[in-house]
Amino acid sequence: MSRTDLIADIFTMIRNAGMAKKDNVDVPASKTVKSILEILKQENYIDNFKLIESQRQNLLKIYLKYIAGKPAIRNIRRISKPGLRVYLKRDKIPSVLRGRGLAIISTSKGIVTDAQAREQGLGGEVIGYVW
């Protein structure tokens, strides 16, 4: 099965696993996905993730985090899509839920959060929002 938008598919897998109260979810591995998961772990949205090597396709096992029985990731949305890319300049970086959420941005210095992009004075493509 070919995938048009791997990141959107992974966001959907994480959202569905959280609603179903799963402990973990396996997703296809890529460098971009690994960078996004490192940000989610750093910002305490997931417990951990690890690489599972396989002959066909490597997988990433994501261990979801729950707070008082509810998923730490209440919502995760893809913003920039293959059919409509969304780029922002450094002075237009959004603040998700007045700072309580997180914007994931792909910049020339790698994938960073909205706060890191503002601090470093970087603009780029808005991958998605998490809250």
Query raised in the report: Could you give the distance from CG (Leu102) to CG (Leu97), rounded to the nearest 0.5 Å?
Result: 10.5 Å
Query raised in the report: Would Thr32 and Ile7 satisfy side-chain contact (heavy atoms from CB on, under 4.5 Å), going step by step from the backbone distance to the final call?
Result: CA-CA 8 Å; Thr32 305; Ile7 296 170; 3.8 Å; yes
Requested in this report: Would you check if Val130 and Val96 make a side-chain contact, meaning some heavy-atom pair closer than 4.5 Å?
Outcome: no
Report task. Considering only Ile, Leu, Val, Met, Phe, Trp and Tyr, and joining two whenever side-chain heavy atoms are under 4.5 Å apart, list the other residues clustered with Ile52. Result -> Leu59
Report task. Hey, could you give me each pair passing side-chain hydrogen bond (donor to acceptor under 3.5 Å, both in side chains) that has a residue in residues 76-89? Not counting sequence neighbours. Result -> Asp5-Arg78, Ser80-Glu125, Arg85-Glu125
Query raised in the report: Quick one: CD1 on Ile76 to CD1 on Ile14, what's the gap to the nearest 0.5 Å?
Result: 4.5 Å
Query - Close side-chain approach of Ile127 and Ile79, heavy atoms under 4.5 Å - result: no
Report task. With rounding to the nearest 0.5 Å, note down the distance linking CG in Leu60 to OG in Ser30. Result -> 7.5 Å
Query raised in the report: Side chain of Ser54, backbone of Asn58: donor and acceptor closer than 3.5 Å?
Result: no
Report summary line: Contacts of Pro28 meeting side chain to side chain contact (heavy atoms under 4.5 Å, CB included) (sequence neighbours excluded), chain-then-number -> Arg3, Leu6, Ile10, Met13, Gln57
Query raised in the report: Nearest heavy-atom pair of Ile93 and Arg90: which atoms, and what distance?
Result: CG1-O, 3.4 Å
Requested in this report: Treat each ILVMFWY residue as a node, draw an edge where side-chain heavy atoms are under 4.5 Å apart, and state whether Ile39 and Val25 are in one component.
Outcome: yes
Query - Distance (rounded to the nearest 0.5 Å) between Lys65 NZ and Asn48 CG - result: 11.0 Å
Report summary line: Applied to residues 14-24, the side-chain hydrogen bond (donor to acceptor under 3.5 Å, both in side chains) test, sequence neighbours excluded, yields none
Query raised in the report: Pairs in or reaching into residues 94-119: which pass salt bridge (Lys or Arg N to Asp or Glu O under 4.0 Å), with residues at least two apart or in two chains?
Result: Asp114-Arg118
Query - Ile36 side, atom CD1; Tyr45 side, atom OH - distance, nearest 0.5 Å - result: 14.5 Å
Report task. Enter the distance from Tyr129:OH to Phe11:CZ here, rounded to the nearest 0.5 Å. Result -> 12.0 Å
Query raised in the report: Hey, quick one: are Tyr63 and Leu51 part of the same hydrophobic cluster, counting side-chain heavy atoms closer than 4.5 Å, chains of contacts allowed?
Result: no
Query raised in the report: Which pair of heavy atoms, one from Leu64 and one from Gly18, lies closest together, and at what distance?
Result: CD1-N, 3.8 Å
Requested in this report: Can you tell me which residue pairs pass the salt bridge (Lys or Arg N to Asp or Glu O under 4.0 Å) test with a partner in residues 25-51, sequence neighbours excluded?
Outcome: Asp26-Lys61
Query raised in the report: Side-chain contact, heavy-atom cut-off 4.5 Å: Ile111 with Ile105?
Result: no
Query raised in the report: When clusters are formed by joining ILVMFWY residues with side-chain heavy atoms under 4.5 Å apart, either directly or through shared neighbours, do Ile46 and Tyr66 land in the same one?
Result: yes
